[in-house]
Student: 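Before anything else, here's the structure in question.
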Amino acid sequence: MTEPAAPQTAPGATPTAAPVPAPTGAVEVQLHLLDPDLPPPAYAHPGDAGADLRTRTDVVIAPQARVTVPTGVSIALPEGYAAFVHPRSGLAARHGLTVVNAPGTVDAGYRGEIAVTLLNTDTEHPIELARGDRIAQLVVQRVEHAVFVEVDALPGSVRGAGGFGSSGGWAAAPGGAPG
Ligand SMILES: O=c1ccn([C@H]2C[C@H](O)[C@@H](COP(=O)(O)OP(=O)(O)OP(=O)(O)O)O2)c(=O)[nH]1
């Protein structure tokens with residue numbers, strides 16, 4: 001039997017700096033901490049778009065497995081806002097850790113615990129996360145609510161129906177657009 005691959009620890013080291021002050025005009029989001037022993041979501045630097053989310057449980061993610069991880073955080077966003085759960089680039093680049101449904105959408109009306117569905121894209125190494133590690137980031141954004149108006153024909157545009165690599169480059173799929 002071969003030795004199992006050593007787990008990769010993906011530490012989300014707790015920032016030691018003082019909390020980043022909120023800029024003028026920052027939107028207020030009500031926060032309920034389901035685990036008061038964990039720090040609340042926080043921006044690591046002024047100007048950061050995402051506030052870090054932490055896992056409230058220890059978890060080991062096997063190679064190519066996915067796990068839904070609780071964060072201990074629930075929020076009430078104002079109407080007209082949504083929050084998006086994005087991966088952290090360092091964990092993605094170093095360990096292959098990503099968010100399956102990136103970005104996950106947290107609706108303004110959602111009052112449950114925010115969870116993050118993580119995927120270990122590495123084919124060999126498990127990823128070991130400890131309670132309190134920073135696993136993802138939450139981006140709060142204003143969103144429009146659309147009124148969908150059915151029409152018989154859409155107005156023309158330069159792009160037209162071109163997509164899925166239509167402009168060329170190395171990523172152009174040989175099969176072209178689906179459908
Ligand atoms: O990464 C995520 C994505 C979603 N959610 C929560 C908040 C969101 O408001 C709710 C529903 O998410 P979504 O609409 O993406 O899920 P669905 O599969 O369409 O379920 P539903 O039928 O409940 O809308 O789940 C999270 O906690 N984390």
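One-based numbering, in listed order, for ligands and for the atoms of each.
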Student: Do the non-hydrogen side-chain atoms of Asp48 and Val20 ever get within less than 4.5 Å of each other?
Tutor: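 When only atoms from C-beta onward are counted, Val20 and Asp48 do not touch, as no gap falls below 4.5 Å.
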
Student: Evaluate Arg56 against Glu113 for side-chain contact (heavy atoms from CB on, under 4.5 Å), listing each step before the verdict.
Tutor: CA-CA 11 Å; Arg56 75 170 163 82; Glu113 179 172 11; 2.6 Å; yes

Student: Considering only non-hydrogen protein atoms, determine which one is nearest to atom 26 (C) of ligand 1 and report residue, atom name and distance to 0.1 Å.
Tutor: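 Its nearest protein heavy-atom neighbour is Ala115 O, 3.6 Å.
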
Student: Does Arg54 pair with Asp35 as a salt bridge, N-O distance under 4.0 Å?
Tutor: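 Here Arg54 does not pair with Asp35 in a salt bridge, since their nearest N and O are not under 4.0 Å apart.
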
Student: As a quick check of understanding, evaluate side-chain contact (heavy atoms from CB on, under 4.5 Å) for Val69 and Ile135, giving each step before the final call.
Tutor: CA-CA 9 Å; Val69 175; Ile135 53 166; 3.8 Å; yes

Student: Could you list which atoms of ligand 1 come closer than 4.0 Å to a heavy atom of Val106?
Tutor: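 Near Val106, meaning under 4.0 Å from one of its heavy atoms, ligand 1 has 7 (C), 8 (C), 9 (O).
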
Student: Which residue holds the protein heavy atom closest to atom 4 (C) of ligand 1, what is that atom called, and what is the gap in Å?
Tutor: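 Looking only at protein heavy atoms, the one closest to atom 4 (C) of ligand 1 is Thr105 O, 3.2 Å.
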
Student: Does the protein put any heavy atom within less than 4.0 Å of atom 1 (O) of ligand 1?
Tutor: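 Neighbour list for atom 1 (O) of ligand 1 includes protein heavy atoms (cut-off 4.0 Å).
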
Student: Would you kindly specify which portion of Val99 sits under 4.0 Å from ligand 1, judged on non-hydrogen atoms: side chain, backbone, both or neither?
Tutor: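 Answer for Val99: neither.
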
Student: Contact between Pro40 and Val73 at the side-chain level, heavy atoms closer than 4.5 Å - yes or no?
Tutor: no

Student: Examine the side chains of Thr117 and Thr68 and answer whether a donor and an acceptor come within less than 3.5 Å of each other.
Tutor: yes

Student: Near Asn101, which atoms of ligand 1 are under 4.0 Å from a heavy atom of that residue?
Tutor: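 So the answer, numbered in order with elements, is 1 (O), 2 (C), 3 (C).
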
Student: Quick check on Thr117 - does any of its heavy atoms sit under 4.0 Å from an atom of ligand 1?
Tutor: no

Student: Would atom 18 (O) of ligand 1 count as contacted, meaning some protein heavy atom under 4.0 Å?
Tutor: no

Student: Within a distance of under 4.0 Å, is there any protein heavy atom near atom 24 (O) of ligand 1?
Tutor: no

Student: Do Asp52 and Arg88 sit within salt-bridge range, that is, some charged N less than 4.0 Å from a carboxylate O?
Tutor: yes

Student: Relative to atom 11 (C) of ligand 1, which among Asp107, Leu77, Leu138 owns the nearest non-hydrogen atom?
Tutor: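 Checking each option, the heavy atom nearest atom 11 (C) of ligand 1 is found in Asp107.
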
